[in-house]
Each structure stands twice: as structure tokens, then as C-alpha cells.
Amino acid sequence: MTNPMLAAAAHAIASARHVVAMTGAGLSAESGIPTFRGDDGLWTKFGEPRMDGYQNFLKDPKGWWTREVTHTQDPYVLELRSALEQAQPNPAHHALVGLERLDVLKATVSQNVDGLEERAGLTRLIEIHGNRSKFRCLGCGLRTPRGTFVPPRELPPPCAQCGGIVKYDSVMFGEPIPPDRMAAAQTEIDRADCILAIGTSGTVRPASGLAWIAHAAGATIIEINPNETRMTPIASLSVRAKAVDALPELLGVLSNVVRG
Ligand code: OAD
């Protein structure tokens, strides 16, 4: 193993009882999806969006859906969407699946809306910011796959179960994290004695705050990120590498440890 920090991370993970991954946009960088912050980030390019996206949606869901079906959303939405439509899981996603199958990784709390972790095969997955390939009803919470969506004549599309307002499952700016997802994430964080923070800048709450909660409760924080982040000060180990390089290597070492 070439990176001594990665060797130390493998050792810490192998000694832990309940490892939880917290993933962010850097995990999907090699799938061609831009990150939000940093040199090539969407917010760097287009400016950070207003924080009241959800409140605006609620004021006029029909207007929002009309912009959606006429492809006249904000430019950053169109750029992100085009990347999402072409993206495939990369070796970092597959390595996470390998770690889950070894039972080394007990859960993954993802901030990504790209659905690539689910498509790669992760099952103990909590998509705290939702999943762009699903719809969610604001009335009853029913989630349905978007599939090949044909817009109904009546907008916003009504929920098939309760007739409520449907939006994408992805969490908008200003929207609370759906309580089922927040509770599931909190449960995993409470159990964790090791957090593997992968490809996240650690800037967006409440997701990033979960790492601080775990740290305060005594969990070891391991960061995999080519750059320093807001999580670096609480990380016992910072592996300065791309997820796509570090995770397959970590899986290789831990497979040998687990299989003896
Ligand atoms: P950011 O764009 O804030 O941070 C991405 C992180 O990935 C940075 O720390 C980079 O250094 C790191 N990175 C870049 N390339 C990498 C690579 N190849 N391998 C590993 N790491 C790499 O993204 P998030 O932290 O995920 O919210 O952002 C959190 C939330 O902010 C997002 O979920 C989104 C956004 O507003 C919603 O969509 C609700």
C-alpha cells in the first residue's frame, strides 16, 4: 500500500465495531458529475442558489412544474441534470458495495442525489438529500420511481395514493430533511464508532453536523478527500486521495484482513 495514511485507515476500520460512511459529491466526481464547491464546482460556476427554493416551490408548485416540463429551470439544474442522466457508478461506488458485503461497512449516509450508490448495489443506504430518480409526495411521503415520466395534463402531478403535491425526492434548498431519513441517519450515527467521510466538504447542515455528533460521542473520523475540508480538524486520519483510488485499495486490504 503506497499511502501510509490509507494503511492507517485500513487498520482503524478493521478495529472498529460499527463503521458508517458519509459520502458527498467527490464520490461521484469520476462518474462525470460536478461537485458543488471548489474550482470546477457548480456553485463556483453559477453562484450559490437562493436558500428559499423549497419555499418558492410551495408558493407555486404549478409554476415550478411548468418550468420543469418546458426545460426552463435554472442553468445549474440543467447542467447537473445532463450529467446525472449520463452517469454510471464508478470504482469508488463499487468498492463501497464490496465493503458493505464484507460487513465492514454497516451503513452509508449519502448527501448525493445521483442514486449511483443504490445503482451500484449498496443496500444499507440512507440518501439524506434524496434521490433524483424518484418522486416524493409532500402529503403522505410516498416515494415512487420516476421511470419514463410522462407529465400529466394537470400540474403539479398529483400523488397516486393521496392526491397530494409531488416533487422530486431530492431535497431543495430550505427544505427540511424528510424525518424518516433523518431518524435513520441519526440511528446509524449513534451506533457508529468510526465515520468514513468520503468526498464531502462538510459544509451543509444538518448532514455535516452528524460527523460532529459522532466525533463528540467518541467516534474516530477518517476523511478521504484530496483536499482539506471543514471536517479535517476533527479527523484522526486524512487520506489525501481521490475516492476512486483510495476505496478500491482499502477494499483490497480489508478483504484480506476479514478473510484472514
Ligand atoms: P461539495 O462540492 O461541497 O464538496 C465536494 C468535496 O469533494 C470537496 O471537499 C472536494 O475536495 C472533494 N472531492 C473532489 N473530487 C474528489 C474526488 N475525486 N474524490 C474524493 N473527493 C473529491 O459537495 P458536498 O459536500 O457533497 O445539497 O455538498 C453537500 C451538499 O451541498 C450537496 O448534497 C448539495 C450541496 O448544496 C443538496 O443537493 C441538497
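Atoms considered below: every heavy atom in the structure, side chains included; atoms not considered: hydrogens, waters and symmetry mates. Counting starts at 1 for both ligands and their atoms, in listed order. All values derive from a computational prediction rather than experimental measurement.
Taken to the nearest 0.5 Å, the OG1 atom of Thr220 stands 8.0 Å off from the CG atom of Leu237.
Taking 4.0 Å as the cut-off between side-chain N and carboxylate O, Lys134 and Asp169 do not count as a salt-bridged pair. Residues Asp103 and Arg124 are paired through a salt bridge, judged by an N-O separation under 4.0 Å between the basic side chain and the carboxylate. Between Asp193 and Lys106 no salt bridge is recorded (no basic side-chain N to carboxylate O distance below 4.0 Å).
Phe36 and Trp43 have tilted rings, their planes meeting at an angle from 30° to 60° on a 0 to 90° scale. Tyr76 and Phe46 have tilted rings, their planes meeting at an angle from 30° to 60° on a 0 to 90° scale.
When heavy-atom distances to ligand 1 are checked against 4.0 Å, the residues falling inside are Gly24, Ala25, Gly26, Ala29, Glu30, Thr35, Phe36, Arg37, Trp43, Gln111, His129, Val171, Phe173, Gly199, Thr200, Ser201, Val204, Asn225, Pro226, Asn227, Thr229, Lys242, Ala243, ordered by chain and number.
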